[in-house]
Amino acid sequence: MSHLLLAIVTLAAPIAGETQARTTREFSGLELSLAGQVRAELAPSMDQETWLEEVAVPRIRTKLRTDQWRHSSYALQLNSSPDKLEWVDVYVDVDVGESGSLRLGQHKIALSAYRQQSNFDLTLTDWSPVTRFFGAERQIGATFQERYGPWRAALGLYSGENARASHGVGAAELAGTELENRSAFLDRGTYGTLHPELAGRVEYAGDSVRVSASSAWDSAPTPEDFRLRGTLEAHLTHGRHSLWAVGYAARASGDPAGVFGGLLEASVQVTQTLGVGGRYGWLTQAPIGTSEGSQATDFGARHEFPGGLRYDGSKTVALQGDIGVVLLDSVPITQCRLHLSFVL
């Protein structure tokens, strides 16, 4: 516990902390940004008899972007945390017509409007385990995006291989395996035989409502891949109020029974500097017995109930914290986290 107290004092966090620093500079059309995070987390062990403390540096991201060349821009994002030196994004955007664009390289696939956000913009401290299970993950491929009035569409063709193993890991979990990080500099995972995956998303974005539907289909999935995934999403905003509702369905290559999940995430900007939010996420699996010959692992139902706040003290300082309960097959686990960020 002494190590945790030291981290708490260092990060100015009462129970658990995540410190994020971001600096951005522009040099004649080149934009360079730096973002870093240090996290300390407190949670009970599975037997509920002891408390586990963890101090980690999950993200130190450097991003270089330029739009110097006509009708195109380039982005490179590198994560250089001590235990995870890896590529995050490496892509080029090319304008197509008046309102279209084509993205080529490693980036998020065109699945789920909710997942297209940045983790730095979340009200709570981190992504839901539900999105980590279903994705969207980063892959190497191409995404074409088009806008027509309030309508938006995205269609992409990808390698089918999860590049970073941070999202879209549910199929591997069902198969009882662990994905390799194919973007790591050290102990890099290897790419197997490519099996193209097609993903698409259609959205309607009005003044206060945004609805979308998306799906992804893998032509020849391995046991670590989803064969088919789909989402239905709605984002409602009214003044300072925001509500996300997302539903997921997926079928892994070794689990024809299917997996289902969803989340509700609400937030209110109480003042210009203070926002509060809460989320309910759930994940359940169709009975294994209904699928003859299924090789999937039965993990039971999972639920999460985090709530927290975000305080933006100025343009350079923000503080996020949440406390929540995760139910793993009816066993409650409490987690406490704090996230301090500042922009230089």
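This one's a predicted model, so the numbers in the text were calculated from it and none came from an experiment.
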Closest non-hydrogen atoms of A213 and L232, given as atom of the first, atom of the second and distance, are CB-CD2, 3.7 Å

Roughly how far apart are W217 CH2 and L198 CG, rounded to 0.5 Å?
7.5 Å

Any idea how W244 and H235 line up, ring-wise: parallel (<30°), tilted (30 to 60°), or perpendicular (>60°)?
parallel

Does the side-chain contact (heavy atoms from CB on, under 4.5 Å) test come out yes or no for R201 and Q116, once each step is laid out?
CA-CA 11 Å; R201 187 179 71 254; Q116 303 306 313; 3.8 Å; yes

When you check the side-chain N and O atoms of E265 and T123, is any donor under 3.5 Å from an acceptor?
no

Residue E178 excluded, over 12 heavy atoms near CD under 6.0 Å
no

Would you please test I140 and E161 for side-chain contact (heavy atoms from CB on, under 4.5 Å) and show each step?
CA-CA 8 Å; I140 295 175; E161 300 276 283; over 6 Å; no

Quick one: do L122 and L264 end up in the same hydrophobic cluster if we chain Ile, Leu, Val, Met, Phe, Trp and Tyr together by side-chain heavy atoms under 4.5 Å apart?
no

Mind checking the CZ-CZ spacing from F134 to R229? Nearest 0.5 Å is all I need.
9.5 Å

Say you draw a straight line from NE2 of H195 to OG1 of T222; how long is it, rounded to the nearest 0.5 Å?
5.0 Å

Cluster check Y191, I109: I/L/V/M/F/W/Y, side chain < 4.5 angstrom:
no

Pairwise distance OH(Y91) to CD(Q77) - rounded to 0.5 angstrom:
8.0 Å

Same cluster or not: Y158 versus L111, using hydrophobic residues (I, L, V, M, F, W, Y) connected whenever any side-chain heavy atoms lie under 4.5 Å apart?
yes

What distance separates L102 CG from E146 CD, expressed to the nearest 0.5 Å?
11.5 Å

Any idea which heavy atoms bring T190 and R182 closest together, and the distance?
O-NE, 3.1 Å

Verdict with supporting geometry, T231 and S214, side chain to side chain donor-acceptor pair (under 3.5 Å):
CA-CA 5 Å; T231 71; S214 64; 2.4 Å; yes

Other residues, nucleotides and ligands only: do more than 12 of their heavy atoms fall within 6.0 Å of CZ on R147?
no

Close side-chain approach of K108 and Q117, heavy atoms under 4.5 Å
no

So which atom in L124 and which in G307 form the shortest heavy-atom distance, rounded to 0.1 Å?
CD2-C, 4.0 Å

What's the shortest heavy-atom distance between R138 and D89, and which atoms?
NE-OD1, 2.7 Å

Indicate if Y204 and L243 have the same hydrophobic cluster label, given that clusters are the connected sets of ILVMFWY residues with side-chain heavy-atom separations under 4.5 angstrom.
yes

If I compare all heavy atoms of L104 with all of A142, which pair ends up nearest, and what's the gap?
CD2-CB, 3.4 Å

Per side-chain hydrogen bond (donor to acceptor under 3.5 Å, both in side chains), S183 is matched among Q106, E86, R188, R164 by Q106

CA sep, side-chain torsions, deciding dist, call: W87, L78, side-chain contact (heavy atoms from CB on, under 4.5 Å)
CA-CA 5 Å; W87 297 112; L78 172 70; 4.1 Å; yes

Would you call the rings of Y114 and W127 parallel, tilted or perpendicular, taking 30° and 60° as the class edges?
perpendicular

Could you grab the distance from atom CD of E180 to atom CG of N162, nearest 0.5 Å is fine?
11.0 Å

T125 (side chain) donor-acceptor with D322 (main chain) under 3.5 angstrom:
no

Going by an N to O cut-off under 4.0 Å, is there a salt bridge joining E233 and R115?
no

Working note: D93 + S101, criterion side chain to side chain donor-acceptor pair (under 3.5 Å); need CA distance, chi angles, decisive distance, verdict.
CA-CA 7 Å; D93 284 331; S101 66; 5.5 Å; no

In terms of side-chain heavy atoms, does Y248 have a donor or acceptor partner in T131 at a distance below 3.5 Å?
no

Is any side-chain N of the basic residue among R132 and E304 closer than 4.0 Å to the acidic one's carboxylate O?
no

Note, H238 side chain near S208 side chain (heavy atom, < 4.5 Å)
no

Between E137 and S166, is a side chain to side chain donor-acceptor pair (under 3.5 Å) present by the stated rule, with each step listed?
CA-CA 7 Å; E137 72 281 3; S166 62; over 6 Å; no

Path from V130 to L174 over hydrophobic side-chain contacts below 4.5 Å
yes

Can you name the nearest heavy-atom pair linking H167 to G135, along with the distance?
CB-CA, 4.2 Å

